[in-house]
Amino acid sequence: MVMTNRNELRKAPRSPSQLQAAKAIDELRESGALDSLFSKIDAGEIQLTGQGGFVPGLIKAVLERGLQIELTDHLGYEKGDPEARFYPNSRNGSTPKLVDAEIGALDLDIPRDRSGSFIPRLVPKGQRRLGGLDDMIISLYAGGMTIRDIQQHLVSTIGTDLSHETISKITDGVLEEVLEWQQRPLETLYPVMFLDALIVKIRDGAHVRNKAAHIAVGVDMDGIKHVLGIWVQQTEGAKFWAGVCAELANRGVKDVLIVCCDGLTGFPEAIETTWPQATVQTCVVHLLRAAMRFVSYKDRKKIASALKPIYTAANADAAWDELTAFAESPLGIQYPAAVKTFEDAWERFAPFLAFPPDLRRVIYTTNSIESLNYQLRKVTKNRGHFPSDEAATKMLWLAICNIEDKRARERAKERGGNRQTKRKAEGRLVEGLTVTNWKLALNQLALVYPDRINPHL
């Protein structure tokens, strides 16, 4: 769930309806019409919220007034019209109905007609919740709260007691949107794509198992990142990743210039099966971790410093010379496994060394998707486990929607912000690279791969 502080709320642009509401309140305040109400609130004679409060009563009055207007339109005459007897249908009292809303339970009087043909649209028949409550529940669920946590939260805050099954049905209402999102058409070209997996705990029969939620992130030609899909599988494997790449291709991705991934065995071959021309770049950070797997803790900083000249070298030949020098050094002789790790991965490690610095910063690591995974873990860690694969996918999708909405708002604010709202610092993407860095990197990619990028521009 996206949290917003008070300053952001003040700076956020208001809709025309919000501006009109603020203007109406100001006019009432200036005219003195609210003075008597304020005095009763100060004296404790009127309660603003809660059961029997002023705000729920006001909303009840607005809804019932709207329902009466709907009935008038349906019957064709105003209430109290002396010619009402000439109309074939007439009013027939009201029926009490309890509905749950964001501010608590509302006891409404739903008007009815004698012929039974009146169908209210404001509060439809069979509906026991107003729309805002469903949005609130989905937002709480997206923030990582369990269904029972949401149930307790609603009772303690607004006094609405919904059953576990009702809340579950409300959250299940997004499954169709998840399926539509998972099958949506994609762009034909993504210059850079990141592939990685996130481990989540999911109940499988009588046991809770760790499963891999495979996530693909593509960067478009504008430097904007998009989550392309989520796939839950028992373990992360090259065979399953090959199926993921094939599905992305079936959804429209015809070409990818650079694919960044970890050092999973068989991963590059799985990618090249779908996109033979793609350059597969092994994440340098994952490679460093693998190289220091058997290094003593007291020597790790020394090894990290000694390996740095390899991945910061000017080109692949210079990097190989640095690796040879490290292998012949006392640290290299002491830890031959670190040297062998780089030698075995050299073919997949070296490609990024052929690119300029701005482009290197984008592709040398999977930090772009790791930062997304970090935000997703903050949401999933509150859940002990998920009851099913669908529940895990639903939660991750809602969290991703919140993250992408937040990024979109930040981009829109920086594009159209006025002098008061414009940030002084340059806008940054989550992994720490500025938007300008991404655009420079993509421009350099266009120079490196003109035949593959220009047809898509």
Side-chain angles (χ1 to χ4, degrees), residues 192-197 199 235-239 241-242 256-273 275-371 373-374 431-433 437 441 444-445 448-449:
V192 182
M193 184 180 292
F194 301 92
L195 303 177
D196 199 11
I199 301 301
T235 56
E236 182 183 9
K239 183 177 180 180
W241 273 119
V256 181
L257 303 184
I258 300 172
V259 181
C260 305
C261 58
D262 57 20
L264 185 67
T265 303
F267 205 163
E269 292 76 13
I271 296 170
E272 291 170 348
T273 301
W275 301 297
Q277 292 182 290
T279 299
V280 181
Q281 174 62 48
T282 296
C283 174
V284 176
V285 175
H286 282 81
L287 188 60
L288 289 173
R289 292 173 185 166
M292 290 192 286
R293 184 175 302 167
F294 303 107
V295 174
S296 172
Y297 183 78
K298 63 183 180 63
D299 292 331
R300 288 195 173 187
K301 288 186 177 180
K302 296 178 184 179
I303 292 290
S305 299
L307 293 175
K308 187 174 181 179
I310 300 174
Y311 59 85
T312 57
N315 51 51
D317 292 336
W320 184 259
D321 292 340
E322 293 291 347
L323 179 61
T324 303
F326 171 73
E328 296 172 352
S329 68
L331 284 174
I333 295 172
Q334 183 179 357
Y335 298 106
V339 178
K340 189 174 186 304
T341 299
F342 269 84
E343 290 176 345
D344 292 344
W346 191 260
E347 182 183 353
R348 302 300 179 184
F349 156 77
F352 86 104
L353 296 171
F355 297 109
D358 288 329
L359 190 51
R360 285 191 186 187
R361 292 185 63 195
V362 172
I363 66 173
Y364 89 100
T365 178
T366 56
N367 275 358
S368 290
I369 196 169
E370 292 286 355
S371 66
N373 288 345
Y374 169 73
E431 71 283 359
L433 295 178
N437 291 141
Q444 291 170 352
L445 271 179
V448 177
Y449 302 102

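Throughout, residue positions are numbered sequentially from 1 according to the sequence presented.
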Could you tell me which non-hydrogen atom of N373 sits nearest to which non-hydrogen atom of D196, and how far apart they are?
ND2-OD2, 3.4 Å
Locate the shortest heavy-atom distance separating R300 from R293; write the atom from each residue and the value.
NH2-O, 4.0 Å
Gap between atom CD1 of I303 and atom OG of S329 - 0.5 Å precision:
7.0 Å
Does L307 reach the side chain of L288, with side-chain heavy atoms less than 4.5 Å apart?
yes
Enumerate donor-acceptor pairs with a distance under 3.5 Å from any side-chain N or O in residues 311-327 to protein atoms, sequence neighbours excluded.
unit_1, atom_1, unit_2, atom_2, d
T312, OG1, K308, O, 2.7
N315, OD1, D317, N, 3.2
N315, OD1, A318, N, 2.8
T324, OG1, W320, O, 2.9

Validate the cation-pi geometry between R360 and F355: distance from NZ or CZ to the six-membered ring centre under 6.0 Å, angle to the ring axis within 45°.
no
Extract all donor-acceptor atom pairs below 3.5 Å that involve side chains of residues 340-347 and protein atoms in other chains or at least two apart in sequence.
unit_1, atom_1, unit_2, atom_2, d
K340, NZ, D344, OD2, 2.8
T341, OG1, A337, O, 2.8

Are any side-chain N or O atoms of Q281 and backbone N or O atoms of F349, one a donor and one an acceptor, separated by less than 3.5 Å?
yes
State which residue, out of P268, P351, C260, fulfils the side-chain contact (heavy atoms from CB on, under 4.5 Å) condition with V280.
P268
Take W241 and L264 through the side-chain contact (heavy atoms from CB on, under 4.5 Å) test and state the conclusion after the steps.
CA-CA 10 Å; W241 273 119; L264 185 67; 4.0 Å; yes
Would you call I271 and L195 a side-chain contact if the rule is heavy atoms closer than 4.5 Å?
yes
Report the C-alpha separation of M292 and Y335 in whole Å, then their side-chain angles, then the decisive distance to 0.1 Å, and conclude whether the side-chain contact (heavy atoms from CB on, under 4.5 Å) test is met.
CA-CA 9 Å; M292 290 192 286; Y335 298 106; over 6 Å; no
Min side-chain heavy-atom separation D299-Q334 under 4.5 Å
yes
CG-NE2 distance between D262 and H286, expressed to the nearest 0.5 angstrom
4.5 Å
Hey, does K302 have a side-chain heavy atom less than 4.5 Å from the side chain of L331?
yes
